[in-house]
Amino acid sequence: MTDDSKATDIATQCIHAGDTVDPATGAVMPPIVTSSTYRQTEFGAPMTYAYSRAANPTRDALERCVAELEGGERGVAYAAGMAATAGVLDLLDAGAHVVAPQDLYGGTLRLFNEVRTRSAKLRFTYVDFADLDAVAAAIRPQTRLIWLETPTNPLLKLIDLAAVVEIAKAKDVMVAVDNTFCTPCGQRPLELGCDIVMHSTTKYLGGHSDVIGGLNIVADAAVGAELVSLRSAVGSVPGPFDAYLVLRGIKTLALRMAKHAENAQVLAEWLQAQDAVERVYFPGLASHPGHGLAKRQMDNFGGMLAFELNGDVARFMSALRIFAVAESLGGVESLAGHPATMSHSNIPQAEREAMGIPDHLVRLSVGIEHVDDLQTDLETALAAAGRNDRSP
Ligand SMILES: *Cc1c(COP(=O)(O)O)cnc(C)c1O
């Protein structure tokens, strides 16, 4: 594609971005190049490909595609979302300071607090990003990075990216956003001035619950080159087959995201009207505190929602037939999770409740099945859960 393609709609970009047609054969999907090494055509002459830890054609095709989708200068693919996050931390020198919200993906908190605090002496300060004065006050001379997720997991809180960028730019601090929940079809942080977008491609980009992968996309080509060099140094690369699966998944991303968001909106509104549901967390509801910001910042409200169940969680979960009780999110199939015993089980109960994650919170990754079937499944499970004595 020529540069003109950048002006086209994201739905078209999902299919054509990155010019992935194979120039040698015309194959519309790039070949899965499994070779670890590449023969020198002429001794001593520079080569595009020399060794697949450094660069691989299938991986390159994926990276060109996502760089264009996020409006970045460079995409860098990894073996997992966590490896992508670790790659960003590798940009920092030992002793650097990072500011982040407490409401982060559990694996990210583990990497920050249990690994890089010890191994790289990184320091982390957690603040409530609804309070922008607190964000500004948390920045120190050693602060190099602000790490964000919006909407957050599992409470779907919104963070105003443009406002955070304004604070960060004034103090020469990089802003990185984990955009896994939104995908470029829902939110493009680089367009709002952020420096780095990270994805767990395991989720919506792959979209079929059959691959583990990660990505960073950067606004500055020099930072991109540094990430590539660091990734080559530590070896956190995805295999070519996995890179292909993510690229294949992205072809239908726009269609899938539209359906995820449409189904989630219907179910959120329906759940809100049920007696057995106390509170629904979904940015597409007018009752959500971040609804106005979500309308400005996001192109759709995504497919993730959470709700407080006024009933027996175990009975609810056991009665689900279409929603699978499982970790993860973002695949075509609907999943139900229980943060207290699953994604957030390593956080002590008192701390978890202080974070606003009670034992009766259920999280749904709404899939692309017919919404009537999903609603019937929830209806049956709510009936099975009954009402417990917490109701007034
Ligand atoms: C799953 C997830 C990650 C970690 O990604 P992996 O591919 O499992 O390593 C990071 N952030 C968010 C928001 C996620 O959902």
Side-chain angles (χ1 to χ4, degrees), residues 59 62 66 70 75-90 98 100-116 129 145 147-159 161 176-187 189 194 196-217 231 234-239 242-243 245-246 249-250 253 257 260 264 281 283 298 302-306 326-331 333 335-339 342-347 355 357 363-367:
R59 204 165 76 212
L62 168 64
V66 294
E70 288 283 6
V76 188
Y78 295 83
M82 290 319 307
T85 304
V88 174
L89 297 184
D90 281 344
V98 179
Q102 178 66 47
D103 217 15
L104 287 179
Y105 177 73
T108 305
L109 286 173
R110 181 168 70 162
L111 177 66
F112 286 4
N113 298 335
E114 293 173 35
V115 183
R116 295 310 175 91
F129 273 70
L145 177 70
W147 180 274
L148 299 174
E149 270 175 46
T150 176
T152 62
N153 177 23
L155 296 175
L156 289 308
K157 285 190 202 155
L158 268 283
I159 292 172
L161 293 177
V177 181
D178 180 341
N179 206 28
T180 301
F181 270 34
C182 290
T183 84
C185 292
Q187 174 172 279
C194 299
I196 301 175
V197 164
M198 172 265 162
H199 281 282
S200 167
T201 57
T202 311
K203 315 295 168 51
Y204 288 110
L205 295 196
H208 296 75
S209 306
D210 56 3
V211 63
I212 298 280
L215 274 169
N216 287 318
I217 303 100
R231 179 188 60 181
V234 302
S236 50
V237 293
D242 287 356
L245 280 176
V246 176
I250 289 171
L253 181 65
M257 289 317 293
H260 284 296
Y281 299 86
M298 301 166 73
M304 298 299 299
L305 67 87
E327 299 279 7
S328 199
L329 60 108
E333 64 288 308
L335 304 179
H338 182 228
M342 295 165 71
S343 55
H344 294 66
S345 60
N346 57 342
I347 305 171
M355 286 168 74
I357 305 172
R363 188 190 79 175
L364 301 180
S365 171
V366 179

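Count residues from 1 along the sequence. Values in this document were obtained by computation on a predicted structure and should not be read as measured data. Whatever order the structure lists them in is the order used to number ligands and atoms, beginning at 1. All heavy atoms count here, side chains included; hydrogens, waters and symmetry mates do not.
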To which protein heavy atom is atom 1 (C) of ligand 1 closest, and what is the distance rounded to 0.1 Å? Lys203 NZ, 1.3 Å
Suppose we measure from atom 7 (O) of ligand 1 to each protein heavy atom; which comes out shortest, and what is that distance? Thr202 OG1, 2.7 Å
Arg59 side chain to Ala77 backbone, donor-acceptor under 3.5 Å: no
State which residue, out of Val197, Leu215, Ile196, fulfils the side-chain contact (heavy atoms from CB on, under 4.5 Å) condition with Glu70. Val197
May I ask you to test the Pro151-Cys182 pair for a side-chain heavy-atom distance under 4.5 Å? yes
Polar contact flag for Asp178 and ligand 1 (N/O pairs, less than 3.5 Å): yes
Check this for me - ligand 1, Gly81, N or O atoms closer than 3.5 angstrom, yes or no? yes
May I ask you to decide whether Lys203 forms a salt bridge with Asp178, counting only side-chain N to carboxylate O separations under 4.0 Å? no
Nearest-contact summary for atom 4 (C) of ligand 1 - protein heavy atom, Å: Tyr105 CE2, 3.4 Å
Should Leu329 be listed as contacting ligand 1, given a heavy-atom distance under 4.0 Å as the test? yes
Run Ser209 and Glu333 through side-chain hydrogen bond (donor to acceptor under 3.5 Å, both in side chains) and show every step you take. CA-CA 9 Å; Ser209 306; Glu333 64 288 308; 2.6 Å; yes
Could you tell me the separation between the OG1 atom of Thr150 and the CD1 atom of Ile159, rounded to the nearest 0.5 Å? 5.5 Å
Ser200 N/O to ligand 1 N/O under 3.5 Å: yes
Any non-hydrogen atom of Gly213 lying under 4.0 Å from ligand 1? yes
As a quick check of understanding, evaluate ring-ring contact (aromatic ring centres under 6.0 Å, His included) for Tyr204 and His199, giving each step before the final call. CA-CA 9 Å; Tyr204 288 110; His199 281 282; 9.7 Å; no
Kindly confirm or rule out an N or O of Met198 lying under 3.5 angstrom from an N or O of ligand 1. no
